[in-house]
Amino acid sequence: MCGIAGFSGNFEPELLPKMIEAVAHRGPDDQGHFFQPQMNCGIAQARLSIIDLSDRAHQPMSNDEQSLHIVFNGEIYNFPELRKQLIDAGYNFRSDSDTEVLLHLYAEKGIEMLADINGVFAFAIIDRKNEQVFLARDHLGVKPLYIGNTAAGIIFCSEIKGLLACHELQRDIDTAAVNQHLAFIWCPGPRTMLKSVKKLGPGEACLIKNGKITRQWQ
């Protein structure tokens, strides 16, 4: 279990460590964050080291060209097969992590990469070439990802408490979600206890640009 967070919009870079510190219990081994000023976006991660325990697997992770940056929570079960395919395609690896496999897979296939992944995951990729942030969640929805919509832009995190580090986030309660919690002890997506926060659904992905979601699909 790791924690990821990030934003796209008119936010200060100091928000990133605040968000990820709120979910530090998800990843006690390491923390990191990356801010891209030209795109007004950033990502952060609290890491629980599982596959590659070395510093080479530190996140956020970037490709050699510094055009792609990723944070990832989960496990990719078929990453050895994908890694071999990417090596055959000419990609070089600096780590033994499944995170780097996702990074190069996106470089190779873009958003079509999702069809190749077998695993549980939630990740965010900053794509500087296309000036967008790509979010995706695994097909069964094992790994959580919450998206907050604010006047300043979009924020996202593995837990709602990370979003609450953002002062721009409205705290209005969704009474329908409260009723569902009381009746069923859980709240079906996309609702959450806050009107301004939605769950990214199982098997859903979205593209964010300039603080707005430009496309969302399952």
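Bear in mind the structure is a predicted one, so any value in this text is a computation, not a measurement.
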Subject >> CG/Leu182: more than 12 non-hydrogen atoms of other groups inside 6.0 Å >> reply: yes
**OP:** Could you tell me whether a side-chain N or O of Asp172 sits under 3.5 Å from a main-chain N or O of Lys195, the two making a donor and an acceptor?
**Re:** no
**OP:** Examine Tyr91 and Phe123 and state if one hydrophobic cluster contains both, with Ile, Leu, Val, Met, Phe, Trp and Tyr joined whenever side-chain heavy atoms are less than 4.5 Å apart.
**Re:** yes
Subject >> Option passing side chain to side chain contact (heavy atoms under 4.5 Å, CB included) with Ile76 (candidates Ile117, Asp138, Asn118) >> reply: Ile117
Subject >> Main-chain N/O of Leu194 paired to Arg171 side chain as donor or acceptor, under 3.5 Å >> reply: no
Subject >> Qualifying residue, where the test is side chain to side chain contact (heavy atoms under 4.5 Å, CB included) with Val101 and the options are Tyr106, Phe79, Phe72 >> reply: Phe79
**OP:** Show your reasoning for whether side chain to side chain contact (heavy atoms under 4.5 Å, CB included) applies to Phe134 and Asp127.
**Re:** CA-CA 8 Å; Phe134 175 40; Asp127 181 343; over 6 Å; no
Original post:
Can you check whether Arg83's main-chain N or O pairs, donor with acceptor, with His104's side chain at less than 3.5 Å?
Top reply: no
Original post:
Hey, what do you get for CD1 (Ile213) to CZ (Phe156), rounding to the nearest 0.5 Å?
Top reply: 10.5 Å
Output a table of donor-acceptor pairs, distance under 3.5 Å, between side-chain atoms of residues 4-24 and any protein atom two or more places apart or on a different chain; print 'none' if there are none.
unit_1 : atom_1 : unit_2 : atom_2 : d
Ser8   : OG     : Gly211 : N      : 3.0
Glu21  : OE1    : Gln31  : NE2    : 3.2

**OP:** Measure the acute angle between the ring planes of Phe121 and His139, then classify it against the limits of 30° and 60° as parallel, tilted or perpendicular.
**Re:** perpendicular
Original post:
Can a donor-acceptor pair be found between the side chains of Gln59 and Thr99 at a distance below 3.5 Å?
Top reply: yes
Original post:
With distance as the sole test, does Ser196 use its side chain to make a donor-acceptor pair with the main-chain N or O of Leu169 at under 3.5 Å?
Top reply: no
**OP:** Given side chain to side chain contact (heavy atoms under 4.5 Å, CB included), test Ile154 with Asn149 step by step and report yes or no.
**Re:** CA-CA 5 Å; Ile154 296 293; Asn149 200 337; 3.9 Å; yes
Original post:
Ignoring hydrogens and geometry, is there a side-chain-to-backbone donor-acceptor pair from Gln170 to Thr150 under 3.5 Å?
Top reply: no
